[in-house]
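In what follows, chains carry the letters A, B, and so on, assigned in the order in which the sequence lines appear, proteins first and then strands, with residues in each chain numbered from 1.
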Number of protein chains: 2
Amino acid sequence: MSSEKPILHSYFRSSCSWRVRTCLNWKGIDYEYCPVDLLEGAQKKEEYSEINPYKVVPTLKIDGNVLSQSIAILEYLEETRPEKPLLPKDPYKRALVRSLVQAIAGDIQPLHYIRTLQYIESTGGNKNEWVIYCITRGFEVEKQLAKTSGKYCVGDEVTLADLCLLPQVYDSKRFGIDMTKFPLIQRIANDLSELDAFKKAHPQNQIDCPAEERN
Amino acid sequence: MSSEKPILHSYFRSSCSWRVRTCLNWKGIDYEYCPVDLLEGAQKKEEYSEINPYKVVPTLKIDGNVLSQSIAILEYLEETRPEKPLLPKDPYKRALVRSLVQAIAGDIQPLHYIRTLQYIESTGGNKNEWVIYCITRGFEVEKQLAKTSGKYCVGDEVTLADLCLLPQVYDSKRFGIDMTKFPLIQRIANDLSELDAFKKAHPQNQIDCPAEERN
């Protein structure tokens, strides 16, 4: 393994980047933050698309490797840095965690990517209505959490599911979703937002967050 | 572990179900097929939503557990039935596989779920145009495959990435995508479609495939 400091290519508001920032913080992995300005289209420039052909954030350079796709990165960090685990040991509980991860990272978040919203707007659709519909539907995770949660999404330990939940709740609030319909999601998100690894990973605490967006 | 035969709740044309069918076949796990007719809305009925709160297929009952979300199910099967592995041993190669899995299962397939298309149609958008846009964009996996592929998506062994690729290519053809733009994807899909586990998992070979859709 390379001893060089890992480099995270990230955008402050990207929820996929946020998941990875939280994981790095949780596991105590020191890293260099390299901003990718999505609004300026930096992700489409050749320099970046060379390392990330999907032209999305995050990309993590670590151990001499270049990794893309947040969930793949989280699994890699869990396998190579098993201290402060983010997956339970039991295969069924791991499946419960990963099911929640996919329900958020696969079934909700891609539906409100900026390019999806741009398309809906270009056809005369109402992007806010769409986002409210797809997040509200996606938050049927509330029913699953009623079966799996303890203090956090699955039991009483922080897992990869929690790393996905908090950024999704943040996005939902930005879109004006009424979170009182999802008391369990909201309660867990509140508890997570008190933890140092999550606080430090918050968009407002990144170097590329504009001054006017900070509290 | 329970010795009862696993039950897969599946819809023949669902690409998420197809991924799991291929995995079960690949690992030689005998299972009972339980059709869920998505067109009739069987997934929304209480009996089904009790076991799958997301109201989607597939659901796998195995080892006395109820599992949802195809990617979580694949990881569970890999962890509990490591014979005929579908993930490499090396953590970096595993990350390459999982990155492709997410690029397909997260960044392409959810964008053309039936409910997304219904919304786009309801706002006067052209759903075909949208699907062509999002699959064509998503198939930038071609560039990643140029770096990772051998005979299959990552090297010369079948992995979870291949289980996701073939159903996506099938969907793409249904939507009339010009696959000549993606020669590597098409070549790998052709090779995969010759393998027994993939053939047996094909929509046309499921008991709920209507006669008129069979070749």
Side-chain angles (χ1 to χ4, degrees), chain A residues 16 49-50 52-56 60 62-77 79-80 91-92 94-103 105-111 113 115-116 119-120 122-126 129-130 133-134 137-138 140-147, chain B residues 16 49 52-56 60 62-80 91-92 94-103 105-111 113 115-116 119-120 122-126 129-130 133-134 137-138 140-147:
Chain A
C16 301
S49 69
E50 271 294 308
N52 189 313
Y54 310 120
K55 302 172 192 165
V56 293
L60 182 67
I62 191 167
D63 304 332
N65 299 317
V66 179
L67 308 180
S68 58
Q69 293 284 345
S70 62
I71 307 306
I73 297 173
L74 299 180
E75 294 270 4
Y76 176 89
L77 293 173
E79 289 183 344
T80 58
Y92 173 55
R94 293 163 77 87
L96 291 178
V97 171
R98 289 185 173 123
S99 176
L100 287 163
V101 165
Q102 295 298 326
D107 285 353
I108 306 178
Q109 202 262 341
L111 300 179
Y113 277 160
R115 58 181 182 271
T116 315
Y119 181 83
I120 284 172
S122 76
T123 63
N126 181 325
E129 192 184 90
W130 165 247
Y133 165 73
C134 68
R137 190 189 185 290
E140 283 174 349
V141 293
E142 177 94 4
K143 291 181 196 151
Q144 183 69 355
L145 288 173
K147 298 179 187 178
Chain B
C16 302
S49 70
N52 189 313
Y54 310 121
K55 303 175 192 163
V56 292
L60 182 67
I62 191 166
D63 306 331
N65 298 318
V66 179
L67 308 181
S68 58
Q69 293 286 343
S70 63
I71 308 305
I73 297 173
L74 299 180
E75 294 271 3
Y76 176 88
L77 292 173
E78 184 67 10
E79 289 183 344
T80 59
Y92 173 55
R94 292 163 76 87
L96 291 178
V97 170
R98 288 182 173 126
S99 175
L100 286 163
V101 164
Q102 294 299 327
D107 284 354
I108 307 179
Q109 202 261 344
L111 300 179
Y113 277 161
R115 56 181 183 272
T116 314
Y119 182 83
I120 284 173
S122 77
T123 63
N126 181 327
E129 191 185 272
W130 165 247
Y133 165 73
C134 68
R137 191 190 185 289
E140 282 173 350
V141 292
E142 177 94 2
K143 290 179 197 152
Q144 182 70 355
L145 288 173
K147 299 180 186 175

Q.
The criterion is ring pair (Phe, Tyr, Trp, His ring centres under 6.0 Å); which residues satisfy it with A/Y119, sequence neighbours excluded?
A. B/W130

**Q.** Pairs of heavy atoms under 4.5 Å with chain B: top-ranked of A/G106, A/S99, A/A72
**A.** A/S99

**Q.** Leading residue by heavy atom contact count with chain B [cutoff under 4.5 Å; candidates A/E142, A/E140, A/K147, A/Q109]
**A.** A/E140

Q. Most heavy-atom pairs under 4.5 angstrom with chain A, which of B/G138, B/S49, B/G124, B/P53?
A. B/P53

**Q.** Top contributor to chain B contacts, counting heavy-atom pairs under 4.5 Å, from A/S122, A/A105, A/P110
**A.** A/P110

Q) A/E129, A/K143, A/Q144: which one forms the most heavy-atom pairs within less than 4.5 Å of chain B? A) A/Q144

**Q.** Heavy-atom closest pair, residues B/A103 and B/V141
**A.** CB-CG1, 3.7 Å

Q) Between A/T123, A/L100, A/I120, A/D107, which shows the greatest number of heavy-atom pairs under 4.5 Å with chain B? A) A/D107

Q.
For a quick test of reading the model, state the closest non-hydrogen atom pair linking B/Y54 to B/Q69 and the distance between them.
A. CD1-NE2, 3.7 Å

Q.
Just so I understand: if I count every heavy-atom pair under 4.5 Å between each of B/L96, B/N126, B/N52 and chain A, which residue has the most?
A. B/N126

Q | Which portion of B/I73 sits near chain A, non-hydrogen atoms under 4.5 angstrom | A | neither

Q) Should B/I62 and B/T80 count as side-chain neighbours, where that means a heavy-atom distance under 4.5 Å? A) no

(Q) I'd like to verify something: which residue of B/A146, B/G125, B/C134, B/P91 has the highest number of heavy-atom pairs under 4.5 Å with chain A? (A) B/P91

Q) Where does A/V66 contact chain B at under 4.5 Å (heavy atoms): side chain, backbone, both or neither? A) backbone

Q: Among A/V101, A/L67, A/V97, A/I71, single out the residue with the greatest number of heavy-atom pairs under 4.5 Å to chain B.
A: A/I71

Q) What part of A/E79 gets closer than 4.5 Å to chain B, counting heavy atoms only: side chain, backbone, both or neither? A) side chain

Q: State, yes or no, whether a side-chain contact exists between B/L60 and B/Y76 at a heavy-atom distance under 4.5 Å.
A: no

Q) Got a sec, which residues hit side-chain hydrogen bond (donor to acceptor under 3.5 Å, both in side chains) with A/E75, two or more places apart in sequence or on another chain? A) A/R98

